[in-house]
Number of protein chains: 2
Amino acid sequence: MKQAKISEAVVRRLPIYLQVLNEMHLREIQTVSSQELGVKLDLNPAQIRKDLAYFGEFGRKGIGYDVVYLIEKIRQILKVDQTIKVALVGAGNLGHALCNYNKYSKDNMQITAVFDVHPGKIGSSINNLRVLPMSELVKTVEEQKIRIGIITVPAFEAQNVANQFIEAGIEGILNFAPAILRVPEEVRIHNADFTKELLSLAYYLGREGDAQDESDLD
Amino acid sequence: MKQAKISEAVVRRLPIYLQVLNEMHLREIQTVSSQELGVKLDLNPAQIRKDLAYFGEFGRKGIGYDVVYLIEKIRQILKVDQTIKVALVGAGNLGHALCNYNKYSKDNMQITAVFDVHPGKIGSSINNLRVLPMSELVKTVEEQKIRIGIITVPAFEAQNVANQFIEAGIEGILNFAPAILRVPEEVRIHNADFTKELLSLAYYLGREGDAQDESDLD
DNA sequence: TAGATTGTTAATCGATTAACAATC
DNA sequence: TAGATTGTTAATCGATTAACAATC
């Protein structure tokens, strides 16, 4: 019954649950119901219960979910109960931001290698990591058993970087470049291109320049 | 027939269409079919046609879509045919990255004001913009008619920043902080929290530590 | 004309929500 | 026991895909 085939929508909610649960844990809340989670996250409680039930029976009828236990379980599901090593290419401002974030986060995702294509950047240090040349990428990824690659280079260099990650046998790529990358089926790719977020946000602006136009609803 | 009620899924695809069309335009491609777009984007052609048809008849039967015309139309739909002003709070590495991006992008989204809560940052310059204190936020947003706010501060400060944006009458917020923000219904909020992207990516790793387990499919 | 491709309706598929027995 | 809340099945809702007439 395990792994019935979980939809992407479900997987994307898991980190959100984790975030709220972590906050609750900090506030020393022991137990939470799907109802309460639903209010906090603006989600239907049934959906939350169903999401969790795909992976096991984590709650107790009449009681709710134990916060600590549920955190542990979701971390297992997301595979961040172990440390997952991450490589980053692109030692610009965005790369710096991600590396710094790394320091404070307790998510078990650890950036352990940083690369850059530009000779000027190589050898400098970010968050105690020496920036390495691209020529070291494949070797380093293999040796350190790095599983995820982050791309924070300009769009025109992104596919090249992806290709090197693929050659090195990376399993997942988080791409910040505004480019559509071609990767083999077995490599998972997530795009985190904020320009697209901004553009879709712009869509929802207005009812202002154009006045409140509720005349042709049907 | 206009604005039948467009689903979020549709809106989120529009910037992707725009990106590919822009690329095609650079390569001087004049006309494109939903078929071709579908191949490039790994989407069903019928879906692309349907998405576009929500907003008007942009194509020509037997021919396809004129690239330049479709770009223009999608920009109108997304309201980026006009310049949209954006304010950013948090002059850290991420804030820098977004401001720089600004320079190169021709998306008509323009960051015109940068703020920070920390006195040490105030007065420094990012991409020709003086970093202003939070006390100037409301006034600046109103005066400059800024419509979108970007939040790149630590999680614990994010809600405060959001509240100030709301007070200033902002219409949309792009939040990079790993925090769930409460905003009034009329303010649109998009979360661009990359930790969640990384965590959901981690879910898809593996079939490696655990061996290829195809035994209990049904 | 024949081939291509749109816009759109109908069919399918999948995700969300409601409802409720089980049980703490 | 009575009240609360889960896990899960059934009902609903919405999104994707197929199919095709219209037409370039």
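None of these values were measured; they are calculated from a predicted model.
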Donor-acceptor under 3.5 Å (B:Asp116 side chain, B:Ala91 main chain):
yes
So does B:Arg60 get a side-chain nitrogen or oxygen closer than 4.0 Å to the phosphate oxygens (OP1/OP2) of D:dA22?
no
Kindly check if the number of other-residue, nucleotide or ligand heavy atoms within 6.0 Å of CZ (B:Arg12) is above 12?
yes
Give the nucleotide from the list C:dT16, C:dA22, D:dA15 with an atom nearest to the side chain of A:Lys50.
C:dT16
Electrostatic pair B:Arg75:B:Asp81 at N-O distance under 4.0 angstrom
no
A:Leu37 CG to A:Leu52 CG distance, which is reported to the nearest 0.5 Å
8.0 Å
Short question: side chain of A:Gln159, backbone of A:Arg182 - any donor-acceptor pair under 3.5 Å?
yes
Which whole-number value in Å describes the distance from B:Lys61 NZ to D:dC20 P?
16 Å
Side-chain contact, heavy-atom cut-off 4.5 Å: A:Tyr204 with B:His190?
yes
NZ/NE/NH1/NH2 to OD/OE distance under 4.0 Å, B:Glu171 and B:Lys79
no
Give the rounded distance in Å between these two atoms: CD1 of B:Ile63 and C1' of C:dG7.
15 Å
When you measure from every atom of DNA chain D, which of residues 23-46 of chain B have a heavy atom less than 4.0 Å away?
B:Asn44, B:Ala46
Reckon A:Tyr65 has a side-chain N or O less than 4.0 Å from the OP1 or OP2 of D:dG7?
yes
Less than 4.0 angstrom between a side-chain N/O of A:Arg49 and OP1 or OP2 of D:dT6, yes or no?
yes
Closest to side chain of B:Ala9, choosing from D:dT16, C:dG7, C:dC24:
D:dT16
Using five base pairs at each end, measure the axis-to-axis angle across the helix from C:dG3-D:dC24 to C:dC24-D:dG3 and round it to 10 degrees.
10°
If you look at every strand shown and take non-hydrogen atoms under 4.0 Å, does A:Glu57 touch a base, only sugar-phosphate, or nothing?
sugar-phosphate
Rounded to whole Å, the CZ-P distance (A:Arg12 to C:dA15) equals 14 Å
Are A:Ile84 and B:Leu205 packed together at the side-chain level, in the sense that at least one heavy-atom pair is separated by less than 4.5 angstrom?
yes
For the side chain of B:Gln144 and the backbone of B:Val141, is there at least one donor-acceptor N/O pair under 3.5 Å apart?
no
